[in-house]
Structures are given as C-alpha cells and as structure tokens.
Amino acid sequence: MAQFQVVKGAKDIFPEEIVRWHYIEGVIRSVTALYGFSEIRTPVFEYTELFQRGIGSTTDIVGKEMFSFLPDPNGRSITLRPEMTAGVMRAFLQKYPGGGVPAHKLYYVADLFRKERPQAGRQRQFTQFGAELLGVSSPAAVAEVISMMMQVFDSLGLQGLKLRVNSLGDLDDRARYRDMLRAYLEPFRDKLDEPSLERFDKNPLRILDSKNPAVQEIVAGAPKLLDCIRSEGRAEFDRVLGYLADRNIAYEVDHLLVRGLDYYGHTAFEVVSSELGAQDALGGGGRYDALSKELGGNVEIPAVGFAVGMERLIIAMEKQGLFAALTPHGPQVFVVLQDSSLEDQALRISDRLRHAGVSVESDLAGRSMKAQMREANRLMAGFALFVGQDEVASGNYTLRNLKTSEQFSLSLDAIPGVLHESSKQ
RNA sequence: GUGAUUGUAGCUCAGCUGGUUAGAGCGCCAGGUUGUGGCCCUGGAGGUCGGGGGUUCGAGUCCCCUCAUUCACCCCA
C-alpha cells in the first residue's frame, strides 16, 4: 500500500485514458468551430464573493461545497471555481465594461472543484465542457446553443439521450408560482419528507425534482410552472421549441425541471443518460440574463450557456463502446541490440531515424534480445531493427516486420522510405 | 454531513464453521531457442492479509476503534 494516494475525489489519468480525452476534445473543438465559438481560459480561482453573488449564497454549491481559503492572513478569500459561468462573465465584464459586440461565443474545457462526497459520476475535481453565448439570448440564440451541444453528443456517437426543457419564466412569474405551489402543497405537509419540508420555506421549486417516490406522487398533481408564465415569456419559449423541432432535435417539456443555480431564468434545459446511474445528468444549461447585473456590470448582458460533465460523458461513451476505435499505436521501429556494447551505436541510429521523422524506441534497461523483442511486441511496434556486430560492420541493417515476420537487409538511409511505404498499406 | 459496502501478491480475486510454511489466474523476470517477439513448456521474484487494539493455546477468519474504497441520499456536471 502506497504511503500517499490521490486526494479524495480526485483522479489520475494515465495514457490509456488520455487518448479518450484527446479524442473528445478534438470533437469539441471541431463542432464549436462550426458554430463560431472560440476557447476561453480563466484562472482556476476567483474571489469568493464572485460565486456568492453569481451562483447564489443559498445554493448548496456556495453553502457547503466550495474550497475556499485565505491566500494571506489579511487578504481576500479565494475559491477554487465550482463552475465556469460566473468566471467567464467576470472576465467578459472586465474586458468589455460596455458590453462589447452583441454576440460573443465562448467555449471552455475546464477543471472545477466541489467539496462533495464522491460517488459514481461525481468527483471533487471534475471537468466540464461548456459554452456561453454572451450578448444575445433570443430564442434563436437559445436554440443555437442547444443545437451545438446536441451536435457534440451526436458526433461522438452517443445514443439514447434525453433532452428535457422547461421555462422558469421571469422573477415575477416564479414568485407567483412559488405561492401557488405552496398553497397546493400545504395540505400534504405531513406527507413530505425532511428535505422537502426544508425546501418548502427556502425554495419550494426544488421540491419538484425530488427523488423520493412519495414526494414525486404528490408533485405530479401540482400546478405547472409553465402555466404561470405570462404571454411574452410563453411566446418566447414556444419559439425555442419551434426552432428545436425545426432542427429535428427531439425534446420533452419537463414541468418538473428546475435548475439549481440562482442565475437561471426563462428557458432551462438538461440532458440525461440512462447509462450514468444515480447521477444521470450529462449536461444542463439555460438563460441567465440577470447574471451580469448581479456581478455589478454597467449593462445587462443577456446570455445563454450550458455545461457538460466530461467524466460523465466518458462513462456514457464507455458503456456504449464508443472508444473501440481508439487503438493505441506503438512506435514505427523498435531498435534491438545484440548486446549493450552497441548502445552508443544504437543511440546514433535512433537519433538519425527520429530526425528523419521515424518514431523509434529501444530497450533502455539493457536486457536480453528475447526481452527486447517481447518489449517491441508489447509496445506494438511496427518493425524491429537489429543492431549487431555484422550490421555495424557492413552498414546494412536487418529490419523485421513484426506483423508479417518478413526481414530485409537495408542501409540506414533506405529505412525511412521503406517505413513510409509500409505505413501506406 | 447521513447510510450501506468493500479492503488478501503489480492487477482480478479464492481462502469452508478461527488450527501448522496464505493460494490461483493474469502480469513481471529468467530459461527452453548463446542474433529474433506474439503460442507453448519450466522455473523464479513478489504479501506488515489497510492500520491499531482486544478475545483466544492459536486470528486473514471473531469483537471494538481507525483509515481508505465504492455505491446511495443530499445536491449537481
């Protein structure tokens, strides 16, 4: 047992797995480019107040899940970012105090930190891919953002995802609905569970997405949030749905969908996968027009965005066998030494081949030829190049194709050409 | 924060109601082939049985504590 192990809720990613990340990130880069989104990177920490103001101090994230610390005794508290949206908005407002041009399209792949108990699909350090469209939040903009997210899933080959959408209306709509919901739930008070009762006073909307079957039954008959939304909000939501239908994006309106972060308003959405276990949300997002003012901006910057959990994406893809094609490939050539006295010769040859663009590996542990061949095989090298007394003396080296077991005797200069030919087949 | 679960070799795990030197498969190393891999055969290295305490003539096995893991709740990606 090792003395040290990774910090609880964190994870090491070794080369076998990193190829998956590279693959997914590649798809993300190409799809976001199709929609005109560019990458943004912001610091991993921000002043704590940014999240308190942005996400909302009553949310669980801010209330009990932040990694906060004082960089120096009299300094301001700093927090490892638990989400990206507040930081992106802060960066934007800092660079464009006047709001900039109407549509800024930004995406990110970033590490986030939340002090929760780890479980399947949940870590304390995790990664989200997300996008923020700043300056416009029209129905077309909302549809565009959802569309981009779905295209990423589609390009990765994911099947069976469910897109759920709902409208949270504006602040007035929600206030009116809150009263209605309380009035409806009042008679059921004695049947609600502990957490629901707590939410009854603090944030009754959250009772809607309870996992407790007993609560779900009660909630099923509750008035619908959508019915409380006044005509403009309703029309806007209908236009979003119209755009989605137009683009053949399957969705279902989920009246119980309420997002956990304070800054969301109007359209909110979520994508779930049945491959994920209890934590089944692959991604989610919505409109957050109110955030810019909340953070002290001079002007309101309408905005829409989403975030997708990369680790959850990988779990879902793994379950669907979508990484099968990602076979690692070994070096083109593995240099095999007859004995260690030829080491400097071998190094010279490796160097020459590498400068000719050939990937080369060799045994660095001074082992037997048999062990070297096994190593070449394990690494899945294409060829073995034998370096022995005869080769060094004659200048002609034995090159063995490890797939076909054919061997040739070649001069060093001829080798890159032969490898180039064989890689074309 | 709450509940449950698991913790034996590098990895995956076995170890019956407590009983002598703790096992298997895979992996690793070496040899069979003193210039040649993948298959096969032979041998070898490698374990404070998570840690501490207790019960017992005797504990991997029972009890307590502790640490870690995993899953679920809460909440979220």
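Labels below follow one simple rule: chain letters A, B, ... track the order of the sequence lines, proteins then strands, and each chain is numbered from 1. Below, all heavy atoms of this structure are taken into account, side chains as well, without hydrogens, waters or symmetry copies.
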Task: Duplex segments of RNA chain B, taken as runs of at least three Watson-Crick or G-U pairs that stay under 3.5 Å - done: B:1-4 with B:70-73, B:10-13 with B:23-26, B:28-32 with B:40-44, B:50-54 with B:62-66
[atom1] atom, [N] versus [M]: distance in rounded Å?
| N | M | atom1 | result |
| --- | --- | --- | --- |
| U36(B) | G25(B) | P | 28 Å |
| G53(B) | G58(B) | P | 15 Å |
| G43(B) | G52(B) | P | 36 Å |
| A59(B) | G15(B) | C1' | 14 Å |
| U66(B) | U20(B) | C1' | 32 Å |
| G19(B) | A30(B) | C1' | 37 Å |
| A9(B) | A14(B) | C1' | 13 Å |
| C57(B) | U69(B) | P | 38 Å |

Give me the atom names and distance for the closest heavy-atom approach of [X] to [Y].
| X | Y | value |
| --- | --- | --- |
| Thr59(A) | Arg206(A) | CA-NH2, 4.1 Å |
| Ile315(A) | Glu275(A) | CG2-O, 4.2 Å |
| Ile207(A) | Ser196(A) | CD1-O, 3.4 Å |
| Gly388(A) | Gln338(A) | CA-OE1, 3.2 Å |
| Ser147(A) | Tyr35(A) | OG-OH, 3.1 Å |

At under 4.0 Å between heavy atoms, what does [X] touch on the DNA or RNA strands: base, sugar-phosphate, or nothing?
| X | result |
| --- | --- |
| Asp390(A) | base |
| Lys211(A) | base |
| Thr59(A) | nothing |
| Ala376(A) | nothing |
| Ala381(A) | nothing |
| Gly121(A) | base |
| Leu282(A) | sugar-phosphate |
| Ala384(A) | nothing |

In this structure, how many angstroms lie between the [atom2] atom of [N] and the [atom1] atom of [X], rounded?
| X | N | atom1 | atom2 | value |
| --- | --- | --- | --- | --- |
| Glu16(A) | C11(B) | CD | P | 14 Å |
| Gln123(A) | U70(B) | CD | P | 9 Å |
| Arg400(A) | G35(B) | CZ | P | 15 Å |
| Asp280(A) | C71(B) | CG | C1' | 15 Å |
| Glu275(A) | A77(B) | CD | P | 20 Å |
| Asn212(A) | A72(B) | CG | P | 17 Å |
| Leu402(A) | C39(B) | CG | P | 14 Å |
| Leu112(A) | A77(B) | CG | P | 10 Å |

- [ ] Can you spot which of Val165(A), Asn166(A), Leu168(A), Leu225(A) makes a side-chain contact (heavy atoms from CB on, under 4.5 Å) with Leu257(A)?
- [x] Asn166(A)
Task: Electrostatic pair Glu17(A):Lys11(A) at N-O distance under 4.0 angstrom - done: yes
Open item on the list: What I want to find out is whether Asp170(A) reaches Arg174(A) closely enough, with some N-O distance under 4.0 Å, to be called a salt bridge.
Closed with: no
Tell me whether the side-chain N/O atoms of [X] come closer than 4.0 Å to OP1 or OP2 in [N].
| X | N | value |
| --- | --- | --- |
| Arg374(A) | G38(B) | yes |
| Gln119(A) | A72(B) | yes |
| Arg378(A) | G38(B) | no |
| Lys370(A) | G31(B) | no |

TODO: Apply side-chain hydrogen bond (donor to acceptor under 3.5 Å, both in side chains) to Ser411(A) and Asn396(A), showing your working.
DONE: CA-CA 5 Å; Ser411(A) 72; Asn396(A) 284 318; 5.1 Å; no
Open item on the list: Quick test of the criterion, 5.5 Å between centres and less than 30° between planes. Is Phe126(A) stacked on A77(B) or not?
Closed with: yes
- [ ] Between Met369(A) and Lys403(A), name the one whose nearest nucleotide on RNA chain B is closer to the 5' end.
- [x] Met369(A)
Task: Residue whose closest nucleotide on RNA chain B lies nearer the 5' end, Val258(A) versus Pro118(A) - done: Pro118(A)
Among [options], which is the nearest nucleotide to the side chain of [X]?
| X | options | result |
| --- | --- | --- |
| Met373(A) | G35(B), C74(B), G37(B) | G37(B) |
| Ser368(A) | U69(B), C74(B), A30(B) | A30(B) |
| Glu391(A) | G31(B), A77(B), G35(B) | G35(B) |
| Arg117(A) | C74(B), C73(B), A77(B) | C73(B) |
| Thr398(A) | G31(B), C73(B), U36(B) | U36(B) |

- [ ] Quick one: do Thr267(A) and Arg287(A) satisfy side-chain hydrogen bond (donor to acceptor under 3.5 Å, both in side chains)? Show the steps, please.
- [x] CA-CA 6 Å; Thr267(A) 306; Arg287(A) 266 179 72 179; 5.5 Å; no
Open item on the list: Is it the case that U36(B) (base atoms only) and Gln372(A) (side chain only) share a donor and an acceptor within less than 3.5 Å, ignoring hydrogens and angles?
Closed with: no
